[in-house]
Engineer: 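Below you'll find the structure I mean.
Below, chains carry the letters A, B, ... as their sequence lines are ordered, and counting in each starts from 1. Please read these numbers as outputs of a predicted model, since none were measured by experiment.
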Amino acid sequence: MSGPIFFPENSSILFLTDCDTLLSMDEKKHMTNAELADVFERIANLMKIQDEMVFKIRAYERAAESLRSLGEEASLLAQRGELTQVPGIGKAIAEKIEELLTTGKLGFLERLEQEVPPTLLDLLRIPGVGPRKAALFWKTLHITTLAELEKAAREGRLRSLPGMGEKSEKAILDGIAALAQRSQRMTLARAWTLANRWLEWLRAQPGVERAEPAGSLRRWKETVGDLDLVVATRDSAPLMEAFVHHPDVKRVLGQGENKSSVELQDGARIQIWAQPPESFGALWMYATGSKDHNVRMRELAQRQGWSLSERGLADEQGNLRRIASEEEGYAALGLAWIPPELREDRGEVEAAREGRLPHLVEVRDIHMELHTHSTWSDGAVSIEEMVRAAVSRGYEVIAITDHSSYMGIVRGMKPEDVLRQREEVEAVRQRWGKQILILHGAEVDIRADGTLDYPDEVLAQLDLVIASLHASLRQPREQITARVLNALSNPHVDILAHPTGRLLPDRAGADLDWGQVYPALQASGAALEINASPYRLDADDVHVRHAASLGIPVVINTDAHAPVGMEEMVFGVSVARRAWLTAPQVINTWTREMLLEWLRKRGSA
DNA sequence: GCCGTTTTCGGCCCGACTGTTTTCAGTCG
């Protein structure tokens, strides 16, 4: 067979004459939405140190946020001249994006970095140090780096500055020390486990009428920094006392009547808020966020002559209307209740006002598991055990999809094993076929050279083919995208699994060119997987939302390697919900007849 | 710098907590 094509016609080689160096060419081609967002965030922070107008700064921050939640590459929007249609991006920022996309540089940022030493941005990472303090250190003591700041603090040179004292000086030293061992963000699984333990503790405290999760945890963001918990109580002071003196607490970051925050022995941070039950709705809305969503809520309140806070709505005379439930709070603003997963200021406010919030998919809508492993590859139990687990969850369909043999680290199946496995699948079908439909599939590796691990004759015999990347994820964008496109061009491939291969909380995945992956998915009719493992959640909410808007079917798979793995479905569903998906857009909510019909049309079942 | 159910100009979210202060600025979410 002929080798795969890694250099499509838009390869940088053809453009060499247009640019000074290959490097700048690379910058030009590779400027992703996340990288563009980073640039605008950098601008915003530098401008803060400069004490620039807050609303200008806010505009850059909004633009950055908007770019991050854009499912489509900004470069494609730029080509179509549609950048200014993105909320938060106007003429000036659109021009800056275009400059970045065409030259890989931004004159405005370069001038800004002449005026404000960019190393000052490092100081902002210290808790308690913001732009004002950073500017103060720079302008009075000519401090521009973390090391210089630490030295000055040790020498006691900070305490004499206006607004500083011995305590602030010590806080800065502590903060710098904490930076080195700063706890990373938690996976959702870890965050929920920790949160449930603390909620149980809170609910057992005297006077606590209600305790609930809030913050990014309740919004099911893919990773969680601090845990935010809310409490309804009429007597918060003793609760806060008990909280900060809990034996798991290493350090108290702040303690007040309405709010306290601590760092635990293992570095995790927890913050609790308290209000009386009459204000619980306002508090829960506030603490759930997101920040951007809250700003929108407060703008709405303001337009009606109110001020919205965590206690309730106040009129211009300061009369407080307490808000006991979220439903009441949203209704007062003329909105339907918004599911927490949507509260990111990505259009949910308008949808709630116009009564067109989606009816989001739920865990109970799911009745299929289409990506599982058994002892035929790296799974922990037999096919029959996995089938039994699926039946006990009430599922109607399970696909057994063991690994192909490419990966050295797992025991994959050689093509000849597939035939032997089919015999075992048949035997299990004899025993379980009345209760559940068992599909014989495989998770076939997309090799580093872009070819699939099994020949077409083998793929054709499988009920379901999942294609996925495991190795060589760091290949350049053109190359790794070409691998995926090559896999999708094979008509036997039904599902593209965990497309980027990222590992949460912090290993980035492949640098896929989604501008090519979406059309390839559309052309092939294959489904995009949301891998439900809390370490993957791949594809992510932003890309899933865009894919679904293009009509690409989505499937939520736990990729279970043991029965317990199937419990992770809830994390996958949370990604689908954050992507605004309704049940019909998710394959594993379908009836088995619909699934079989889909597979039949694809020619593989 | 962005944006329009009061606006194409004049607005742009709100309060708790800390550490420094004799009434408040800075940070945070």
Engineer: Is the shortest side-chain N/O distance from A/Ser307 to OP1 or OP2 of B/dG15 below 4.0 Å?
Structural biologist: yes

Engineer: Using the P atom in both, what is the distance from B/dT22 to B/dA16, to the nearest Å?
Structural biologist: 23 Å

Engineer: Heavy-atom count around A/Lys167 NZ within 6.0 Å, excluding the residue itself: above 12?
Structural biologist: no

Engineer: Using atom CD of A/Gln275 as one end and atom P of B/dA16 as the other, report the distance to the nearest whole Å.
Structural biologist: 8 Å

Engineer: Would you tabulate the nitrogen or oxygen pairs shorter than 3.5 Å linking the protein to nucleotides 8-10 of chain B?
Structural biologist:
none

Engineer: Does A/Glu257, at its CD atom, have more than 12 non-hydrogen atoms belonging to other residues, nucleotides or ligands within less than 6.0 Å?
Structural biologist: no

Engineer: If a protein heavy atom is under 4.0 Å from the base, mark B; if only from the sugar-phosphate, S; if neither, -; do that for nucleotides 18-29 of chain B going 5' to 3'.
Structural biologist: SSS-----SSSB

Engineer: Below 3.5 Å is the cut-off: list the nitrogen or oxygen pairs between protein and nucleotides 4-6 of chain B, distance only.
Structural biologist:
none

Engineer: Would you indicate whether A/Glu316, at its atom CD, is surrounded by more than 12 heavy atoms from other residues, nucleotides or ligands within a distance under 6.0 Å?
Structural biologist: no

Engineer: If you assign A/Asn294 and A/Lys56 each to the DNA chain B nucleotide with the nearest heavy atom, which residue ends up on the more 5' nucleotide?
Structural biologist: A/Lys56

Engineer: Over how many whole Å does the gap from A/Asn258 atom CG to B/dA16 atom C1' extend?
Structural biologist: 7 Å

Engineer: Please give the distance between the C1' atoms of B/dT5 and B/dC14 as a whole number of Å.
Structural biologist: 24 Å

Engineer: Taking CD from A/Glu257 and P from B/dG15, how many angstroms apart are they, rounded to a whole number?
Structural biologist: 17 Å

Engineer: With sequence neighbours left out, write down each residue that passes side chain to side chain donor-acceptor pair (under 3.5 Å) with A/Gln50, or none if nothing qualifies.
Structural biologist: A/Glu115

Engineer: Please work out which of the three classes, parallel, tilted or perpendicular, describes the rings of A/Phe243 and A/Trp198, given edges at 30° and 60°.
Structural biologist: perpendicular

Engineer: Select base, sugar-phosphate, or nothing to describe what A/Leu308 touches, counting heavy atoms under 4.0 Å on all strands.
Structural biologist: sugar-phosphate

Engineer: Under 3.5 Å, is there a donor-acceptor pair linking the side chains of A/Trp284 and A/Glu326?
Structural biologist: no

Engineer: Taking side chain to side chain donor-acceptor pair (under 3.5 Å) as the test, write out the residues that go with A/Glu344, two or more places apart.
Structural biologist: A/Arg219, A/Arg578

Engineer: How about CD on A/Gln265, more than 12 heavy atoms from neighbouring residues, nucleotides or ligands closer than 6.0 Å, or not?
Structural biologist: yes

Engineer: Any chance the side chains of A/Arg311 and A/Ser279 put a donor and an acceptor closer than 3.5 Å?
Structural biologist: no

Engineer: If we take the C1' atom in both B/dT8 and B/dC2, what is their distance in whole Å?
Structural biologist: 12 Å

Engineer: Taking CD1 from A/Ile272 and C1' from B/dA16, how many angstroms apart are they, rounded to a whole number?
Structural biologist: 14 Å

Engineer: Using the side chain to side chain donor-acceptor pair (under 3.5 Å) criterion, which residues pair with A/Glu362? Sequence neighbours excluded.
Structural biologist: A/Arg364

Engineer: Go ahead and name the base partner of B/dC12; Watson-Crick or wobble counts if both distances stay under 3.5 Å, otherwise write none.
Structural biologist: B/dG1

Engineer: About how many Å separate CG of A/Leu308 and CD1 of A/Ile323, when rounded to the nearest 0.5 Å?
Structural biologist: 6.5 Å

